[in-house]
Amino acid sequence: MPTKYDPRDTETKWYPYWTEQSYFEAEGSGKKEPFTIVIPPPNVTGRLHLGHAWDTTLQDILSRLKRMQGYDTLWLPGMDHAGIATQAKVEGRLKEEGMDRHELGRERFLEKTWEWKEEYAEFIRQQWAKLGLSLDYSRERFTLDEGLSTAVREVFVSLYNKGLIYRGQYIINWDPDTQTALSDIEVDYKDVQGHFYHMKYPLKDGSGHIEVATTRPETMLGDTAVAVHPEDERYNHLIGQTVVLPVIGREIEIIADEYVDMEFGSGAVKITPAHDPNDFEMGNRHNLERILVMDESGTMNKNAARYQGLDRFECRTQLVKDLQEDGVLFEIEAHEHSVGHSERSGAVVEPYLSTQWFVKMKPLAEQAVNLQNQEEKVHFVPDRFEKTYLHWLENIRDWCISRQLWWGHRIPAWYHKETKEMHVGHTAPSNPEEWEQDEDVLDTWFSSALWPFSTMGWPDREDSDFQLFYPTNVLVTGYDIIFFWVSRMIFQGLEFTGQRPFKDVLIHGLVRDAEGRKMSKSLGNGVDPMDVIDQYGADALRFFLATGTTPGNDLRFHWEKIEANWNFANKIWNASRFALMNMGNLAYEDMDLNGDKTIADRWILTRLEETIRDVTRLMDNYEFGEVGRLLYNFIWDDVCDWYIEMAKLPLYGDDEAARHTTRSVLAHVLEQTMRLLHPIMPFITEEIWQHLPHDGSSITVAKWPAADESRMDPESVEDVDLLKHVIRSVRNTRAEMNVAPSKEIDLQMKPQNDDVQKRLERGRTYLKRFSNSGQLTIDPALKVPEKSVSHVLSGAELYMPLAGLIDLEEEIARLEKEKEKLDKEVERVQKKLENEGFIQKAPENVVAEEREKEKDYMEKREKVTARIQELKA
RNA sequence: GAGCCGUUAGUUCAGUGGGAGAACGCCUGCUUGACAGGCAGGAGGUCACUGGUUCGAAUCCAGUACGGCUCACCA
């Protein structure tokens, strides 16, 4: 084994082995308790980013843990066709080749897109492998697969038949760039510094005019009314009168509607039912005509009269100029307002009248809301996200699900060419030549919403995977897609399977750069997880992702932390190297933990049991950060800095039996620790585990360690704690007095009682070695040496005669300082104990602890004071 | 406008009713038979602020300030 850990060797070796041995394939036999996670399917648009790496690392930790704990673990992989995003990518590629999808035709374009999909799917699988993810590839799914498409049609037809899907003409969010409708949540609202345009519309009878204002003046071309509040005294007399719409010359009525806010603007509103959702509603109430003034690309149409052919923003500029000249537009006010942008293309979204398909959300949302009052609810971790989720559901509007794209699930609706009759069903009507299928496809999230069950054979409820592995145990995802995905899976799962699709939802945040900024292409601050792996290994990256933060919070990426985690891997590597070099070909069968163990052996075994217990508990609570901290400290501090150093005594000694016991303990501790760490750092733990004495073919299928209280030895912990205190005091003195570690000193200890004396005697060999003392005295009747440095510990005093090195004044000053510290402690404790309330109300054990401390501090202070007196005398 | 989160050591973050923690960074010393990407020792914090509850508050409650996020409205 090389002295430095090189993750590249290890990490390329094990993944092929794991998959060849089918360790990640769920059995599906029903003999073991199942544990299921479905992966949030990444888009087949490109490379995985750090967010994916984080999300999947957390899932892999849970999957590996549960697999080791004996569950029939299914972690189901797959990908999402990502309608708009993928189509845009393929169109981009076509454009480079000087082509256009319309030239190519729908069928050829889809062929090209499938090619793209295969290419990127392979790419994504390679990245999953590099991350070490324990995915069951035998069950990989894609949202456009045959089976999943069947599920999509089943859901569509069923919801349609229940009246929960309908088609109609409404105002939707239109993206003129990609030329498709969007759902409400695919629109990003940004505050924009715009203008408020004030206009006068003349009354037909010539008696004057009425003032209106708008932020989108081009929509005035489609106005079909002006509205005022029925109780607005300024306008009462005008209700029912007619105004002549400038430019167009259309005569439109002044109507009364309570929606109008009298306080806002002039109190009169222009009404454009085909270009604004509120105006559309009002139009329905008053039977107003709906006039579209643009086409699907945002270009003004024939209803825009002389502005026909202009882009909507060119039209705005020109129209404003013209209206100003005509005196219609009399004021332009700076006005900050919120403007919707397409989440995908960034284009300004146009509220647009259009015929689309919708899901009626009220009944579905209600079910999901009610679920949270039941025992079998979805548990959000951390639970604050439940509030976010419920608030959204309670205020939900109908979901526009049709998209004017080619790449996706085609809507299973057919229209008769002549009668215009509509047919909704799994298949086309029997005489297909007389019908044509709806051109549109479904929102990508419509199919993603079915993912937890469509991937398991549903709608075949008898499918063995669906029977065994559904509902899933936990969903791991970022808070940014709670609305898009989590909520939709829940209401569709309830509607179609009658069960929650997952018991827990583990929410994480976003990966940010070191300055806390979101990683983005435009900022160029993104980090490719594959680069991180190439430099430091997947284990280092995974440890960082697992331990960097607590659930629900964002994570800042720091290269230094990744590097520190490589150091940790290297530390583990070298500790193992040491163990193996001193293992003497110890075989697994020959390991013996029942021999005559040293206090170090008993202590580290106790610490191991504590670590097993705590790590298991924390894993179950998704507290991976704490798990990492515990394992890091156990390995680095307890195993490496203390146990290995202590184990060197028997290992380098002549006592064969003692050596055998210590070898066994060391091998056992490392072997068990590798198992505990394996879910987080799968590669290095497998590598080391395979080198160590072990039983079985792979750590991936080794049993998760079980805590055994009977192996704990509290005495040994007290022993080692005392030894550590003594050793630290000596080291501290050496450092302060500039006594080189290589220079021998005398160490004289005066125990206060038999118990401490015995402990010190038991630890004598360790004390001698770690203090590098020539003479070591343990004597309750010790005659205090002159000219010596002293330390007062709980239960013992220690002296180091360092004649010639000691400055008496300095030593007194040091002890005075020590005494001051103790004074403060005593004062603090006594203040507490003098408090009647504390004595009466605080729990007994707390009071007892304080009394114990008081005694200890006072004793120490006494000793220190006495020592000062001696030195002064 | 409503809701949520954060504010703890130079930095990144844990801790969430009973003596302020870790990692990294910093300072000092060390070719100690696994590791100098290491070992040993050390410095460093009125836990944002103001009140309240409590025998006891970094921790619970209310408010304030600053930073961030989400939703809604915006003619």
Side-chain angles (χ1 to χ4, degrees), chain A residues 1 3-5 185 189 191 194 196-198 212-216 219 226-227 259-261 264-272 276 278-279 282 335-339 382 384-385 387-388 391-392 395 479-480 482-483 509-510 514 516 547-550 552-558 560-561 563-582 623 625-626 628-629 632-633 636-637 640-641 644-645 648 652 727-728 731-736 738-742 769-770 772 825 828-829 832 835-843 845-847 849-850 853 857:
Chain A
M1 287 172 86
T3 61
K4 288 193 193 331
Y5 176 58
I185 48 179
Y189 286 91
D191 281 336
F196 206 26
Y197 302 90
H198 297 264
V212 294
T214 180
T215 53
R216 295 186 294 150
T219 62
V226 170
Y259 163 79
V260 180
D261 179 0
F264 195 88
S266 66
V269 197
K270 59 185 275 309
I271 302 298
T272 325
D276 182 278
N278 293 316
D279 293 7
M282 204 184 290
H335 182 66
E336 195 183 275
H337 61 138
S338 182
V339 177
R384 62 186 144 91
F385 287 105
K387 232 187 277 183
T388 317
H391 180 260
W392 185 75
N395 296 286
Y479 58 65
D480 52 329
I482 292 176
F483 302 148
L510 266 39
T547 64
T549 184
T550 38
N553 293 324
D554 291 346
L555 173 65
R556 290 193 190 199
F557 183 87
H558 293 272
E560 306 83 68
K561 286 193 184 179
E563 199 182 338
N565 292 335
W566 179 88
N567 289 353
F568 179 46
N570 189 48
K571 188 72 181 175
I572 296 168
W573 181 257
N574 276 294
S576 306
R577 232 163 49 82
F578 168 82
L580 292 167
M581 285 163 69
N582 291 283
E623 307 241 25
E626 284 293 289
R629 192 180 60 78
Y632 190 99
N633 291 333
W636 206 307
D637 301 343
C640 294
D641 289 346
I644 285 182
E645 293 308 318
K648 283 175 182 173
Y652 296 156
I727 292 160
R728 284 193 176 126
R731 285 172 175 169
N732 175 292
T733 301
R734 281 182 178 276
E736 274 190 11
N738 275 321
V739 181
S742 52
R769 180 182 171 98
F770 293 125
N772 190 22
E825 294 293 350
R828 192 185 55 75
V829 174
K832 242 183 175 177
N835 185 335
E836 275 301 309
F838 177 73
I839 302 293
Q840 282 171 12
K841 295 188 179 174
N845 64 314
V846 174
V847 178
E849 270 172 43
E850 291 298 319
K853 283 181 205 164
Y857 286 134

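Here is the naming used below: chain letters follow the sequence lines, and residue numbers restart at 1 for every chain. Small disclaimer: the values here were computed from a predicted structure and weren't measured.
Between the C1' atom of B/rU12 and the CD atom of A/E560 lies a distance of 9 Å, rounded to the nearest Å. Rounded to whole Å, atom C1' of B/rG6 lies 11 Å from atom CZ of A/R556. Taking atom CZ on A/R734 and atom P on B/rU32, their separation rounds to 14 Å, with Å as the unit. We find that CZ of A/R769 is positioned 13 Å from P of B/rA40, with the value rounded to whole Å. Put simply, CG on A/N732 is 7 Å from C1' on B/rG41, counting in whole angstrom units. At whole-Å resolution of the value, CD in A/E736 and P in B/rG42 are 8 Å apart. The distance between atom CZ of A/F385 and atom P of B/rG3, rounded to the nearest whole Å, is 18 Å. In this structure, CG of A/N574 is placed 7 Å from P of B/rA36, rounded to the nearest angstrom.
Remark: B/rA14 base-pairs with no nucleotide in the shown strands. Criterion, Watson-Crick or G-U wobble with two distances under 3.5 Å. Checking B/rG3 for Watson-Crick or G-U wobble geometry (two distances, each under 3.5 Å) identifies B/rC69 as its partner. In this entry B/rA62 has B/rU50 as its Watson-Crick or G-U wobble partner, both defining distances falling under 3.5 Å. B/rG45 is unpaired under the Watson-Crick or G-U wobble criterion, no partner having all donor-acceptor distances under 3.5 Å.
The phosphate of B/rA34 (OP1 or OP2) has a side-chain N or O of A/K648 nearer than 4.0 angstrom. Considering only side-chain N and O atoms, A/T549 lies under 4.0 angstrom from the phosphate OP1 or OP2 of B/rA14. In this structure, A/T550 reaches the B/rA14 phosphate: one of its side-chain N or O atoms is under 4.0 Å from OP1 or OP2. In this model, the phosphate group of B/rG21 is not approached by any side-chain N or O of A/Y632 to a distance below 4.0 Å at OP1 or OP2. Note on A/N553: a side-chain N or O is less than 4.0 Å away from OP1 or OP2 of B/rA14. Within the 4.0 Å cut-off from OP1 or OP2 of B/rC35, not a single side-chain nitrogen or oxygen of A/K571 is found.
Of the candidates A/I572, A/N567, A/N574, A/N570, A/Y5 forms a side-chain contact (heavy atoms from CB on, under 4.5 Å) with just one, namely A/N570.
Side chain of A/N278, nearest nucleotide from B/rC24, B/rC74, B/rG41: B/rC74. Taking the side chain of A/H558 as heavy atoms from C-beta on, and the options B/rU12, B/rC74, B/rA34, the nearest nucleotide is B/rU12. Nearest to the side-chain atoms of A/W636 among the listed nucleotides B/rA14, B/rC39, B/rG18 stands B/rC39.
Comparing A/R384 and A/N835 along RNA chain B, the residue whose closest nucleotide (by nearest heavy atom) sits nearer the 5' end is A/R384. Nearer to the 5' terminus of RNA chain B, by closest-nucleotide assignment, is the contact made by A/K4 (compared with the other of A/F264 and A/K4).
A gap of 10 Å separates the C1' atoms of B/rA57 and B/rG18, to the nearest Å. Taking the C1' atom of each, B/rA20 and B/rU8 are spaced 9 Å apart, rounded to whole Å. When the P atom is used for both B/rC73 and B/rG10, the distance is 45 Å, rounded to whole Å. Only the P atoms considered, B/rG37 is 14 Å distant from B/rC26, to the nearest whole Å. Here, B/rU12 and B/rG17 have their C1' atoms 27 Å apart, quoted to the whole Å. One P atom belongs to B/rC61, the other to B/rG15, and the distance between them is 16 Å to the nearest Å. Between B/rC47 and B/rA58, the distance separating the two P atoms is 7 Å to the nearest Å. Here the separation of B/rG51 from B/rU59, taken at their P atoms, is 14 Å to the nearest Å.
Judged by distance alone, the side chain of A/N633 and the main-chain N or O of A/R629 form a donor-acceptor pair under 3.5 Å.
Among the protein residues, A/E336 comes within range of no part of the nucleic acid, since none of its heavy atoms lies under 4.0 Å from any strand. In this structure, A/E626 reaches the sugar-phosphate backbone alone: every heavy-atom distance under 4.0 Å involves primed, P, OP1 or OP2 atoms, never a base. At the heavy-atom level, A/R216 lies nowhere under 4.0 Å from the strands shown. Residue A/K387 is classed as a sugar-phosphate contact, given heavy-atom separations below 4.0 Å to backbone atoms only. Nucleic acid contact for A/I644: base, since at least one base atom lies under 4.0 Å from a heavy atom of the residue. As judged by a 4.0 angstrom heavy-atom cut-off over every strand, A/Y259 is placed among residues touching the sugar-phosphate backbone only. Residue contacts for A/S266: at a heavy-atom cut-off of 4.0 Å it reaches no nucleic acid atom on any strand shown.
Using the six-membered ring where Trp is involved, A/W636 and A/F568 have ring planes that are parallel, under 30° apart on the 30 and 60° scheme.
Looking only at side-chain heavy atoms (C-beta outward), A/F264 and A/V269 stay at 4.5 Å or farther from each other. Side chains of A/R216 and A/T272 form no contact here, defined as non-hydrogen atoms less than 4.5 Å apart.
Here A/R769 contributes atom CZ and A/Y652 contributes atom OH; the two are 7.5 Å apart, rounded to the nearest 0.5 Å.
For A/D279 and A/Y259, the side-chain atoms include no donor-acceptor pair closer than 3.5 Å.
Here A/Y652 packs flat against the base of B/rG33; its ring centre is closer than 5.5 angstrom to the base's six-membered ring, tilted by less than 30 degrees.
For the pair A/K648 and A/F578, the distance from NZ or CZ to the six-membered ring centre is under 6.0 Å and the angle to the ring normal is within 45 degrees.
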